[in-house]
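The structure appears below as structure tokens.
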2 protein chains.
Amino acid sequence: MSRTPLHPTREQIELPMVLDCLSDPIRLAIVYQLAQQERVSSELCCGDFYALSGKSNLAYHFAKLRECGLMQTRVAGTNRFMRLRREDLDARFPGLLDAVIKSAARDAERLQLLPACDVVEAG
Amino acid sequence: MSRTPLHPTREQIELPMVLDCLSDPIRLAIVYQLAQQERVSSELCCGDFYALSGKSNLAYHFAKLRECGLMQTRVAGTNRFMRLRREDLDARFPGLLDAVIKSAARDAERLQLLPACDVVEAG
DNA sequence: CCTTATGTTCAACGTTTATTGAACTATCGA
DNA sequence: TCGATAGTTCAATAAACGTTGAACATAAGG
């Protein structure tokens with residue numbers, strides 16, 4: 001029972017796992033939303049994603065995103081704050097994350113992503 | 001029974017399907033090998049990939065790569081010549097294919113990819 | 001014609017996957 | 001202490017996936 005969620009080290013991040021993670025529409029939407037948030041506070045918690053799916057299903061996808069090295073979780077009280085592992089990903093796979101996010105943004109409607117402006121609105 | 005292998009139009013190419021296709025190690029190796037070949041004749045046939053897996057398994061992966069729009073097949077005699085749909089992919093997802101291939105190249109050993117020099121050697 | 005070479009298709013299999021709801025844990029606030 | 005809130009974990013399900021070998025189709029070469 002991994003109490004502390006395990007994140008791979010930078011060097012342990014694997015390309016196929018990252019691509020597989022990004023290939024799921026829900027996970028891609030999560031990553032996209034986190035990428036939008038980078039400009040601001042850079043962190044979001046689980047509740048910010050309820051529009052995408054139910055709690056337990058989100059927890060499943062969060063775990064995948066953590067395990068493959070795409071995001072990081074910080075525990076604070078009853079909240080888990082997530083953020084992209086931008087530096088590690090850019091170091092391992094230069095240009096990849098940006099290309100994916102830009103491509104996703106272009107297809108935002110088709111992928112049913114939230115428009116960028118709706119993403120923040122934190123309380 | 002699709003006699004002519006169906007390729008999606010440029011606009012039909014979907015980001016999640018492309019990422020999913022690239023997330024399989026064998027398919028990534030195929031794409032990588034095709035990318036190397038771009039500099040030369042730009043086409044390879046099935047037999048050029050026997051190092052990766054058996055015939056029928058390769059045919060399965062080729063079908064996936066075609067269906068998601070990553071590659072194109074041209075029939076010539078008993079051969080099927082394949083090539084990357086570079087233009088379509090670059091138009092739809094600028095920088096993505098290059099980022100993936102460059103990332104794969106950096107991890108060539110880990111991903112068990114053929115060294116670039118061994119790729120050509122056509123007869 | 002018959003044989004060989006190239007690939008595809010099919011059926012079977014075991015594995016992994018995404019999704020659901022219920023149960024659980026842990027923290028915060030009254 | 002009690003209840004509400006935030007997330008995780010677990011069990012169950014159906015669907016999709018990758019791999020295999022055998023059968024099939026098609027074209028080239030004798």
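All of these numbers come straight from a predicted model, not from anything done at the bench. Here is the naming used below: chain letters follow the sequence lines, and residue numbers restart at 1 for every chain.
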Would you say a side-chain N or O of A/Arg27 is under 4.0 Å from OP1 or OP2 of C/dA18? yes
Closest approach of A/Leu70 and A/Val18, non-hydrogen atoms and distance? CD1-O, 4.1 Å
Taking the side chain of A/Phe62 as its heavy atoms from C-beta onward, which of C/dT9, D/dA6, D/dT8 lies nearest to it? D/dT8
Could you list all the salt bridge (charged side-chain N to carboxylate O under 4.0 Å, His left out) pairs where at least one residue sits in residues 24-33 of chain B, not counting sequence neighbours? none
Partner set under side chain to side chain donor-acceptor pair (under 3.5 Å) for B/Gln72, not counting sequence neighbours: none
Does OP1 or OP2 of C/dA5 have a side-chain N or O of B/Asn79 closer than 4.0 Å? no
Whole-Å gap separating P (C/dA18) and CG (A/Leu52): 15 Å
B/Val31 with B/Leu52, same ILVMFWY side-chain cluster at under 4.5 Å: yes
Any side-chain N or O of A/His61 less than 4.0 Å from the OP1 or OP2 oxygen of C/dT17? no
Indicate yes or no for a side-chain donor-acceptor contact from B/Gln33 to the backbone of B/Asp48 under 3.5 Å, with no hydrogens or angles considered. yes
Nearest whole Å is fine: how far is C/dT27 P from A/Phe81 CZ? 15 Å
Atom-pair distance (CZ on B/Phe49; P on C/dT6), nearest Å: 15 Å
Which of residues 16-25 of chain A have a heavy atom under 4.0 Å from DNA chain D? none
Without decimals, in angstroms, what is the distance between A/Arg74 CZ and D/dT8 P? 14 Å
Could you tell me the separation between the CD1 atom of B/Ile30 and the P atom of D/dG18, rounded to a whole number of Å? 11 Å
From the candidates D/dC17, C/dT27, C/dG7, the one with an atom nearest any side-chain atom of B/Lys64 is D/dC17
Can you see which heavy atom on B/Thr9 is nearest to which on B/Arg85, and at what distance? C-NH2, 3.8 Å
A/Lys55 has a side chain; which of D/dA27, D/dG18, D/dA6 sits nearest to it? D/dA6
A/Ile26 or B/Met82, whichever maps to the more 5' nucleotide of DNA chain C: B/Met82
Taking only distance into account, with no hydrogens and no angle test, what donor-acceptor pairs under 3.5 Å do side-chain atoms of residues 100-113 of chain A form with protein atoms, sequence neighbours excluded?
residue  : atom : partner : partner atom : Å
A/Ser103 : OG   : A/Ala99 : O            : 2.8
A/Arg106 : NH1  : B/Ala91 : O            : 3.2
A/Arg106 : NH1  : B/Arg92 : O            : 2.9
A/Asp107 : OD1  : B/Arg92 : NH1          : 3.0
A/Asp107 : OD2  : B/Arg92 : NH1          : 3.4
A/Asp107 : OD2  : B/Arg92 : NH2          : 2.7
A/Arg110 : NH1  : B/Glu11 : O            : 3.0
A/Arg110 : NH1  : B/Ile13 : O            : 3.4
A/Arg110 : NH2  : B/Glu11 : O            : 2.9

Which residue pairs satisfy the ring pair (Phe, Tyr, Trp, His ring centres under 6.0 Å) criterion with at least one member in residues 60-83 of chain B, sequence neighbours excluded? B/Phe49-B/Phe62
Expressed in angstrom and rounded to an integer, what is the separation of A/Glu43 atom CD from D/dA6 atom C1'? 16 Å
Testing the basics here: between A/Lys55 and A/Tyr50, what is the closest heavy-atom pair and its distance to 0.1 Å? CG-OH, 3.2 Å
Round to the nearest Å and state the distance from B/Arg80 atom CZ to D/dA28 atom C1'. 14 Å
Pairs under 3.5 angstrom, nitrogen or oxygen only, protein versus nucleotides 20-22 of chain C, please.
residue : atom : partner : partner atom : Å
C/dG21  : N7   : A/Ser56 : OG           : 3.4
C/dG21  : O6   : A/Ser56 : OG           : 3.2

